[in-house]
Amino acid sequence: MAPKKNDKASIKKDIVQHSVETLCRNPYNLDKLAVYQATAYSVRDRLLEDWNMTQEAIHKENPKRCYYLSMEFLIGRALDNALHCLEVKDVYKESVKDLGFNLEDLLQQERDAALGNGGLGRLAACYMDAAATLDYPTWGYGLRYQYGIFKQLINSDGYQIEMPDYWLDSNGNPWEFPRNDVRYEVQFYGYVATKVNEKGESRMSWEGGDRVQAMAYDVPIPGFDTKGCGNIRLWASKSLKTFDFASFNDGDYDRSVADQKNAENLTSVLYPNDNHLVGKELRLKQEYFFVSASLQDIIHRFKRSNCAWKDFPDKVAVQLNDTHPTLAIPELQRILVDIEGLDWDAAWDIVTRVFAFTNHTVLPEALECWSVPMMEHILPRHMQIVYDINLFFLQKVEKMNSDRGLLNRVSIIEESNPQQVRMAYLAVVGSHTVNGVAALHSDLVKTELFKDFVSYYGPEKFINITNGITPRRWLYQANPDLRDLITETLGGNHWVTHLDDLKGLTKYADDADFQAKWMNIKLKNKVRLASWIKANLDITVDPRSLFDIQVKRIHEYKRQFMNILGVIYRYKNLQLLSAEERKDVTPRVVIFGGKSAPGYYVAKMVIKLINTVAQVVNNDDSIDGLLKVVYIPDYNVSLAEIIVPASDISQHISTAGTEAAGTSNMKFVLNGGLILGTVDGANIEIRDEIGEENIFMFGTLADKVADIRHQQKYHGVEIDPNLQVVLQSIQSGEFGGPETASVFGPLINTLTYGGDYYLISADFEKYLDAQDKVDETYKDTAAWAKKSILCTAGMGFFSSDRATREYADKIWNIKPVNIKEAAV
Ligand code: 475
């Protein structure tokens with residue numbers, strides 16, 4: 001087939017052809033959605049060429065490959081990204097213009113692929129972008145949920161309402177290739193029997209139960225400045241029995257399709273919890289379905305290369321994105337022992353050289369545990385294998401140290417009622433390397449979470465790889481004016497794949513001319529966000545105000561509550577100021593965004609409080625527009641692309657030791673936004689890279705948190721006096737009247753009864769001081785501009801290219817494939 005041509009005439013022809021032949025539309029009657037789709041299909045054709053060439057190159061070279069197993073991929077929109085990667089955005093803009101359309105409008109027609117909750121899922125997407133850009137032979141594996149993360153509405157009372165996200169609506173999805181021929185069976189339930197194999201050996205065999213089918217859908221991931229194109233393979237569940245004819249004949253139409261529906265339900269919805277475990281049977285089935293299909297596919301590919309099993313770890317690396325895919329460990333052991341006939345030790349040696357595990361959280365409520373009876377029921381053979389893995393592990397530990405307490409502490413099985421399988425421990429025991437996602441977090445992983453495992457295995461098994469973000473989406477694409485200024489200043493595009501080049505901006509930090517250009521771009525991005533807010537929420541905000549943004553999942557540990565309490569404090573202060581005093585006040589727009597898990601009561605109350613405060617503040621003319629509060633509903637990747645470039649300050653204010661890394665902090669700073677943050681997660685490394693004078697940091701240090709909690713437990717919480725005033729104003733009904741005030745009772749109680757676990761009161765004064773500093777600093781535009789430039793200049797380290805290379809070198813032991821050479 002002749003390669004696609006990228007001149008305007010060919011592109012226009014392709015778009016029209018797809019309108020007619022793929023979408024079955026009359027070419028003289030096309031709407032934006034249809035043209036978006038036809039455009040997407042034409043871009044997909046071009047991607048497909050690169051995809052095929054890349055897979056062909058990898059196949060020929062047959063190098064060691066890495067598989068990134070993640071239950072979540074928060075990809076966002078694909079069209080704009082693909083146009084940039086293929087370097088055809090300008091010609092496409094011209095082409096659709098000729099057809100009577102505006103490309104930017106068409107881009108808005110695409111629905112986000114929102115197959116993730118938050119940080120963990122978006123990180124996976126950034127790593128796939130980097131792996132494709134760097135030509136690594138890496139594939140992602142995930143689930144093709146029919147419903148991604150729910151859509152969030154805010155009702156007129158200020159509460160979160162959830163609506164289903166049926167992203168694969170009737171319009172079809174141009175960004176996936178259904179692989180009708182790539183299907184595997186996945187088994188559940190049943191029982192374990194003993195069987196004699198061909199070699200006359202007695203082996204366990206998993207018999208009976210239910211079976212469903214996994215079918216593959218491939219999502220191409222374009223690389224930047226390469227012909228390489230990566231892949232994420234997503235599994236959808238299908239029924240093996242399409243139709244029950246007996247029931248149909250009996251006139252029982254519902255039953256005749258029930259089986260099919262049941263099987264398809266398995267991958268129908270993403271669990272909407274971030275940093276929180278659910279423990280539901282359907283979730284366990286999703287996890288097993290996912291690892292079973294992925295391993296069958298990986299093994300199928302391995303077997304085609306005619307290697308022996310002992311070579312498996314030299315050909316395959318598997319990264320477990322948190323514990324969610326940890327069943328892959330007992331599953332591979334089962335395949336090797338029960339089906340392939342290896343002996344236990346040889347199999348276990350292979351298993352432990354293949355897997356590596358990334359931990360993303362130390363919060364106890366997020367650590368996965370599965371009840372033994374449930375696992376026994378759904379996965380009877382795996383349960384036996386987990387027991388055996390645990391037994392052999394504990395025997396080894398006992399040889400070194402027979403302390404019973406220690407054996408209890410490191411046991412994969414928790415002796416509770418019912419017993420639980422501690423998935424994180426299983427992941428540690430079955431992996432060769434365990435990594436945390438920022439320096440402080442990896443330290444806590446070693447000294448707290450897996451302390452006993454460190455003393456058994458030694459420290460080398462536990463490493464840090466600080467998270468990174470892709471500069472393609474998060475600067476090049478989301479902030480075109482800043483991209484162009486940087487490219488012009490640095491003399492070319494090289495920085496997009498070598499982010500350390502941004503250091504070259506340092507020498508312009510004091511240049512008044514450059515500062516003016518820089519701040520002008522920031523203003524333009526703020527105008528863009530302000531127009532979005534006006535158009536969608538009908539709130540007027542002044543782009544010359546300081547834009548103060550906190551967008552992320554709503555969680556007590558992230559302390560949006562502290563932010564809104566600070567807003568109330570600011571509001572009450574404004575009310576007290578004279579007209580003269582107000583002249584000196586820095587006007588602020590405080591912007592919130594983020595979803596709460598549907599069942600997370602306290603987080604939902606925080607959303608309600610923010611919206612109630614916004615109602616009052618935004619309608620109070622007496623404060624001269626010096627404060628506005630905005631809640632942006634349905635925060636997602638596409639909104640982030642508008643929000644992130646528009647921040648002056650963003651808040652990353654988790655209680656020290658709770659936010660593993662954070663990645664939005666990196667996105668904001670990359671776009672010249674300053675941070676107001678705690679000494680937590682990656683904030684610390686950002687400070688080290690950009691300089692402490694360019695970040696506003698405050699709050700209790702991680703190693704002091706436990707002491708304060710202990711103190712509070714025995715002596716009660718001493719509420720900060722300023723906070724006391726704020727709480728009283730809520731309780732008195734200043735926001736929403738006396739009836740609403742009682743609604744906030746339980747929220748306020750989280751600070752008083754039982755101790756202020758997230759240290760809002762303990763940190764409140766330092767928080768307000770840091771806010772004052774922000775206001776003061778913002779008054780000096782030149783000083784602010786300098787800080788902003790130095791922020792961007794210092795962010796090279798936080799590229800997902802650096803992070804992915806670290807994984808490749810330190811964990812996966814893989815090398816890039818030479819796509820052009822290998823393809824010929
Ligand atoms: C951390 N999600 C961030 C980010 O490393 C960090 C999903 C399903 C079930 C339970 N939990 C999850 C997470 O745990 C998660 O998103 N963790 C986040 O990972 C990437 O930057 O600090 O909170």
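Source: prediction; values computed, not measured. Heads up: numbering here begins at 1 and tracks the sequence. Read the numbers this way: they start at 1 and go in the same order the structure lists the ligands and their atoms.
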[X]-ligand 1 polar pair, N/O distance under 3.5 Å:
X	result
G118	no
E659	yes
L123	no
H360	yes
N467	yes
V437	no
A366	no
Y557	yes

Has [X] got a side-chain atom pairing as donor or acceptor with [Y]'s backbone, closer than 3.5 angstrom?
X	Y	answer
N694	E692	no
N671	K667	yes
S70	G142	no

Legend entry - Nearest-contact summary for atom 16 (O) of ligand 1 - protein heavy atom, Å: L120 N, 3.0 Å
Inset, instruction - Looking only at protein heavy atoms, identify the closest one to atom 6 (C) of ligand 1 and say how far it is in Å. - result: G662 N, 3.7 Å
For [X], state whether at least one heavy atom is located under 4.0 Å from any atom of ligand 1.
X	value
G681	no
E72	yes
M71	no

Give the atoms of ligand 1, by number and element, whose distance to some non-hydrogen atom of [X] is under 4.0 Å.
X	result
A660	22 (O)
N273	7 (C), 8 (C), 9 (C)
H276	9 (C), 10 (C), 11 (N)
H324	7 (C), 8 (C), 9 (C), 10 (C)

Inset, instruction - For the pair N321 and H360, evaluate side-chain hydrogen bond (donor to acceptor under 3.5 Å, both in side chains) and give the outcome as yes or no after the intermediate values. - result: CA-CA 8 Å; N321 197 25; H360 292 270; 2.5 Å; yes
Inset, instruction - Would you check if T326 and F355 make a side-chain contact, meaning some heavy-atom pair closer than 4.5 Å? - result: no
Inset, instruction - Check step by step if ring pair (Phe, Tyr, Trp, His ring centres under 6.0 Å) holds for Y288 and H382. - result: CA-CA 10 Å; Y288 178 65; H382 296 79; 4.8 Å; yes
Legend entry - Winner among N275, D680, L277 once heavy atoms are compared against atom 17 (N) of ligand 1: N275
Inset, instruction - State plainly whether the residues E806 and R802 are in salt-bridge range, i.e. N to O under 4.0 Å. - result: yes
Legend entry - For H652, the option from Q550, E659, K552, R559 that meets side chain to side chain donor-acceptor pair (under 3.5 Å): K552
Legend entry - Test: K280 cationic atom under 6.0 Å from Y271 six-membered ring centre, within 45° of axis: no
Legend entry - S294 and W235: side chain donor to acceptor below 3.5 Å: yes
Legend entry - Donor-acceptor side-chain pairing of Y767 and Q651 below 3.5 angstrom: yes
